[in-house]
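Throughout, protein chains are lettered first and strands after them, A, B, ... in sequence-line order, and every chain is numbered starting at 1.
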2 protein chains.
Amino acid sequence: MKGLSAKQQAILDFLRQFIRNKDYPPSIRDIQLGCEISSTSVVDYNLKALERLGYIRRDREVSRAIEMLDGTGRRPHTVPVPIVGTIAAGSPIPVFEPGASYGEMVDATEEMTRGKENVYALRVKGTSMIDALVNDGDIVIMERTNSADDGEMIAAWLKDEEETTLKRLYTDGDRIRLQPANETMKPIYTRPENLEIMGRVLTTISHHH
Amino acid sequence: MKGLSAKQQAILDFLRQFIRNKDYPPSIRDIQLGCEISSTSVVDYNLKALERLGYIRRDREVSRAIEMLDGTGRRPHTVPVPIVGTIAAGSPIPVFEPGASYGEMVDATEEMTRGKENVYALRVKGTSMIDALVNDGDIVIMERTNSADDGEMIAAWLKDEEETTLKRLYTDGDRIRLQPANETMKPIYTRPENLEIMGRVLTTISHHH
DNA sequence: TTCTATTCGGAACGCGTGTTCTGCTAGGAA
DNA sequence: TTCCTAGCAGAACACGCGTTCCGAATAGAA
């Protein structure tokens with residue numbers, strides 16, 4: 001962090017704050033005013049120094065294209081994920097139609113969706129999913145799929161039982177084992193024909209109010 | 001969604017995509033090229049129409065200042081949260097120093113931090129926090145505080161037991177009740193002097209790999 | 001001292017960019 | 001037909017903005 005003059009440190013702080021407030025980078029003259037610098041050339045001089053030291057990156061083709069490299073100014077990419085409905089023990093899982101428009105949305109980082117397509121979210125209703133370590137009001141971020149590999153956490157509809165559940169999927173011979181995330185709880189065994197996979201669980205989020 | 005010409009729809013789509021890719025809005029001539037429009041005045045004409053119809057907002061003082069109002073182009077604000085360490089049953093909770101710099105970071109939306117200051121994150125180690133519906137590898141987003149209201153989920157250090165735990169806090173007369181999030185599990189009772197509050201739990205995140 | 005590198009001031013240059021002006025074309029209403 | 005409006009094309013204008021050039025300080029080394 002050292003090796004920077006007071007002016008260069010002030011420019012970095014101003015950049016951070018400006019981008020956070022306005023969602024776009026400042027112009028050179030914005031920096032000049034904001035940091036009370038006497039000339040645009042001084043700003044340019046110090047920006048070049050900051051760029052050489054690796055603190056920022058600039059795109060000479062486009063105005064206001066200053067990018068901060070230490071992460072504090074950069075906004076990570078987020079994806080709005082539609083909440084297609086609620087998931088509860090006794091009711092089927094709402095089906096996500098990729099084209100349709102849904103009212104409620106959750107903002108998720110790409111870390112949470114892992115860059116997947118066909119991502120949707122469900123709101124957990126009741127405490128019946130507690131063996132998946134998910135409680136009433138939590139949000140489950142899902143990827144729509146009809147199949148899953150062994151060990152993956154899925155949302156499943158058990159036809160005979162008319163039950164919805166969140167479990168890890170394992171094939172035990174010619175039977176299916178659904179294993180709770182809470183390993184102190186017992187698994188469910190069932191026939192493959194009784195299982196309908198509604199999606200893969202990517203992330204769960206609990207807000208504690 | 002209707003009432004828009006094909007050109008206006010194309011401009012909206014292009015805006016969405018451009019902002020998503022480059023993190024800043026396009027210039028009028030970028031739109032002209034991207035939508036294969038013959039003149040800048042046509043772009044301006046349709047942008048004015050879109051602005052009148054309420055689809056976008058523009059800042060006439062600043063170049064490239066086009067803001068989409070339907071949310072799909074706007075990036076929700078996210079905050080980088082430092083992961084200050086791990087939380088496990090037998091070891092104390094790492095103390096978050098607001099000024100210090102930490103290596104690992106998690107990106108959280110403002111919905112997850114609720115705009116709070118002094119926010120940090122802990123990585124859950126082991127399965128000892130499972131009664132808080134949190135499992136090995138999960139991330140807990142915390143607000144640093146020394147006190148908490150009844151019913152709030154806190155991270156606590158029990159001095160006598162030398163135990164770390166995540167529980168809801170309740171005062172029962174002159175004793176403290178620590179209630180698991182999983183209501184089928186039993187609470188802990190202890191003296192106030194035995195309890196050190198290390199922070200308030202804002203959100204928990206589970207990534208299922 | 002003298003030389004050299006760093007930092008800064010002021011001004012101008014040139015391109016990017018939003019805006020405006022003029023005119024054209026197509027289509028519908030009177 | 002005539003008139004009006006929506007939409008478009010091309011050009012020019014004015015200003016924002018990054019850049020550059022010329023010098024003047026200032027400080028440290030030789």
| Looking at residues at least two apart in the chain, or sitting in another chain, which of them share a side-chain contact (heavy atoms from CB on, under 4.5 Å) with B:Asn194? | B:Leu158, B:Lys159, B:Asp160, B:Glu161, B:Thr190, B:Arg191

| task | Take nucleotides 16-23 of chain D nucleotide by nucleotide from the 5' end and write B, S or -, depending on whether a protein heavy atom sits under 4.0 Å from the base, only from the sugar-phosphate, or from neither. | result | -BBBBB--

| request: May I have the distance from A:Ile37 (atom CD1) to C:dC8 (atom P), rounded to whole angstrom? | output: 8 Å

| Atom pair distance, as rounded to whole Å: CG in B:Leu47 and C1' in D:dG7 | 14 Å

| note | B:Ile31 atom CD1 is separated from C:dT19 atom C1', nearest whole Å, by 14 Å

| Any A:Asn46 side-chain N or O less than 4.0 Å from OP1/OP2 of C:dT6 | no

| request: Provide, to the nearest angstrom, the distance between the NZ atom belonging to A:Lys7 and the P atom belonging to C:dT7. | output: 10 Å

| task | Return the set of residues passing ring pair (Phe, Tyr, Trp, His ring centres under 6.0 Å) with A:Phe14 (not counting sequence neighbours), or none when no residue passes. | result | A:Phe18

| query | To the nearest Å, how far apart are A:Leu50 CG and C:dT6 P? | reply | 16 Å

| Side-chain touch B:Val124/B:Ile139, heavy atoms, less than 4.5 angstrom | no

| request: Just jot down the side chain to side chain donor-acceptor pair (under 3.5 Å) partners of A:Asp59, sequence neighbours excluded, or say none. | output: none

| field | Short side-chain N/O contact to C:dC8 OP1/OP2 from A:Tyr45, under 4.0 Å | value | no

| request: Calculate the interatomic distance between A:Ile11 atom CD1 and C:dC8 atom C1'; express it in whole Å. | output: 12 Å

| task | Kindly write out the residues that satisfy side-chain contact (heavy atoms from CB on, under 4.5 Å) with A:Asp131, not counting sequence neighbours, or none if the list is empty. | result | A:Lys167, A:Pro180, A:Met185

Give the table of side-chain donor-acceptor pairs shorter than 3.5 Å for residues 115-123 of chain A, with sequence neighbours excluded, one pair per line with atom names and distance.
{"unit_1": "A:Tyr120", "atom_1": "OH", "unit_2": "A:Met198", "atom_2": "O", "d": "2.9"}
{"unit_1": "A:Arg123", "atom_1": "NH2", "unit_2": "A:Glu104", "atom_2": "OE1", "d": "3.2"}
{"unit_1": "A:Arg123", "atom_1": "NH2", "unit_2": "A:Glu104", "atom_2": "OE2", "d": "2.7"}

